[in-house]
Amino acid sequence: MRLLIRPRAADVLPLVAAAALPLIFLHARYQAETSVGPVGVYGSDVAIAAVVAAAFLAGVKLGWEPLRRGRTLWIVAAALLLLFVIACLWRPLESPTKHLVTAAKMIEYALLAPAAVLLFRRRIDLDRFLAVFVAWALAAGVWGLLQFLGVVNEFEGRRTGQREVSFLGHQDLGGFTGAALAVGFAAIVLGERRRLAALAVVGGALGVMIDASVFAFLGTVLAAIAISLIGRRAGTLTSRRLAALAAILFVVGSGVYVLRGSDVSNYLSFLGLSKAAQTDTGVQTGSQRTMLLWIGWRMWVDHPVLGVGFERSSTDFQPYLAAAREKFPNQPAESYPSKQNPWGVQNFWVQLLADTGIVGFLLGLATFGTGLVTALRAVPRRAFVAAVSVGFILVAAGTWNAIGIIAGIPLDAVTWLGLGLGIVAWEISE
């Protein structure tokens, strides 16, 4: 009886992860929502619960052995997530409920990493998953293009010729489609899965250009460099393939610059590096982000070891406002953090320092670094899966520079799937 059950579980359970992708990579405004006490439950939460349940069944029926390879990663990541929970309690007299909910959501999405390891045991399992991932990224890119052309509405109505959000949101669109583009890079460099490569490049390039996130593009550049090095080590990198990557990056970078060129010029003027006619002002600009980063840095300087507490950087800005106004005097009033506009640090890495101190920052670096090292060590044995893992991780690491610690978003899923795939690269079979 056991022999009859195993093939069925091996075939069906991995499909749950592929089927969950459209909900996981979808903005909350388009999802069904309900509340369980203080916790908002979305369709993406149900989808992740289904993936985790399928992974648990896979472990029961097919064994837990694949998880052993990732012991170091699981320990480091668990330490980081535990610190998030504990850091919610730095001030016990204040209600930590909201922060604990955020930490719980972070843990929920982190479960995608071991779930991927338990579900993707065969090449066909991962290929099906990546096919859906790339197809959904292509849909996101095309929908964003339609928004750009003014054919369909985005969050704020029709804004023809602007940066677009597709059905994910800024940064998430760039991070998600950037990860898909990394799949295309891996396929090109290693000479595999040509059809998948074509869809990944078209959808990924469209999404990264339309989102026009400088940091998402930075992540794709880092991914391209790392995947090229993997191809060189695997003996598959040729001048023609390298030229193809360079051409793709040039096109994508040009698209990003067309939409963000004035922002870049204004920011260089703000830094005093150019003589542009005006400087960027308002919110979501380079000058405002610099000011928020400075506030986060000052929080860390005052609380260097364990930080001000998880998510407290969004609320404990008052002691730094006067100094911020003095150092950045030309910012409009609405750009400074306030009770009405708790902007936060808007950079994952600096917020790690501000919220959890040097301990949390080092654990964050160790989590990403362990994932990268684990994936790279699988080369050349499983070069394609390793390259996809590295691509996901680096795209996420770059994109996180434009967004603070936010739980329950597509970028969380890209991050943890990338970390899990590094283990998959060791355990997957043909």
Side-chain angles (χ1 to χ4, degrees), residues 48 52 55 59 64-90 99-100 102-120 175 179 219 222-223 226 300 304-307 309-311 347-379 382 385-386 388-401 403-409 411-427:
I48 290 176
V52 173
W64 305 92
E65 184 67 24
L67 292 177
R68 292 189 178 182
R69 176 71 64 176
R71 283 192 297 264
T72 302
L73 175 61
W74 309 142
I75 291 171
V76 173
L80 175 64
L81 295 169
L82 179 61
L83 179 60
F84 285 170
V85 174
I86 296 173
C88 294
L89 309 175
W90 280 177
H99 309 304
L100 287 171
T102 302
K105 286 267 189 177
M106 295 290 290
I107 294 171
E108 172 196 329
Y109 274 71
L111 292 175
L112 287 172
V117 177
L118 291 171
L119 290 173
F120 305 144
L222 294 175
W300 173 68
V305 180
L306 293 172
F310 188 60
E311 290 193 302
N347 180 295
F348 176 85
W349 305 105
V350 176
Q351 188 175 349
L352 269 181
L353 281 171
D355 286 5
T356 58
I358 192 64
V359 175
F361 180 76
L362 292 177
L363 285 174
L365 286 181
T367 299
F368 278 76
T370 301
L372 284 172
V373 170
T374 302
L376 290 171
R377 285 180 175 173
V379 179
R382 289 288 184 268
V385 185
V388 171
S389 170
V390 168
F392 275 42
I393 294 170
L394 291 177
V395 168
T399 308
W400 279 117
N401 283 284
I403 192 170
I405 300 176
I406 301 179
I409 60 174
L411 190 56
D412 290 315
V414 170
T415 302
W416 293 107
L417 285 171
L419 292 170
L421 289 176
I423 313 298
V424 172
W426 284 90
E427 302 297 329

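Of the inter-residue distances, the one linking L419 atom CG with L112 atom CG reads 10.5 Å to the nearest 0.5 angstrom. Atom CD1 in I405 sits 12.0 Å away from atom NE2 in H99 (nearest 0.5 Å). Taken to the nearest 0.5 Å, the CD1 atom of I423 stands 14.0 Å off from the CZ atom of F120. The distance from the CD1 atom of I393 to the CG atom of L417 is 10.5 Å, given to the nearest 0.5 Å. Here CG of L100 is found 11.0 Å from CD1 of I86. Values are rounded to the nearest 0.5 Å.
When side chains are defined from C-beta on, I403 counts as touching I409, because their heavy atoms get closer than 4.5 Å. In this structure, V85 and I107 have side chains that are in contact, with non-hydrogen atoms separated by less than 4.5 Å. Side-chain atoms of T367 and L73, non-hydrogen and from C-beta on, do get closer than 4.5 Å to each other. Residues I48 and W416 have side chains not in contact (no heavy-atom distance under 4.5 Å, counting atoms from C-beta outward). No side-chain heavy atom of Y109 sits under 4.5 Å from any side-chain heavy atom of T415. Using a 4.5 Å heavy-atom cutoff, the side chains of W300 and I358 are in contact.
Closest non-hydrogen pair, G175 versus L411, comes out as CA-CD1, 4.2 Å. Of all the heavy atoms in A223 and V395, the pair that sits closest is CB-CG2, 4.1 Å. Heavy atoms only, all atoms of each residue included: A366 and V76 are closest at CB-CG1, 3.5 Å. Between F84 and M106 the shortest heavy-atom distance is CE1-CE, 3.8 Å. When every heavy atom of V424 is checked against every heavy atom of A116, the shortest pair comes out as CG2-O, 3.6 Å. Taking each heavy atom of A110 and L81 in turn, the nearest pair found is CB-CD1, 3.6 Å.
The closest donor-acceptor contact from the side chain of N347 to the backbone of N401 lies under 3.5 Å. When atom types are taken as modelled, the side chain of T374 and the backbone of T370 share a donor-acceptor pair closer than 3.5 angstrom. A distance-only check finds no donor-acceptor pair linking the side chain of T356 to the backbone of L306 [under 3.5 Å]. Remark: the backbone N or O of A397 is paired with a side-chain donor or acceptor of W349 at under 3.5 angstrom.
Checked against the 6.0 Å centroid threshold, W400 and F368 do not count as a close aromatic pair.
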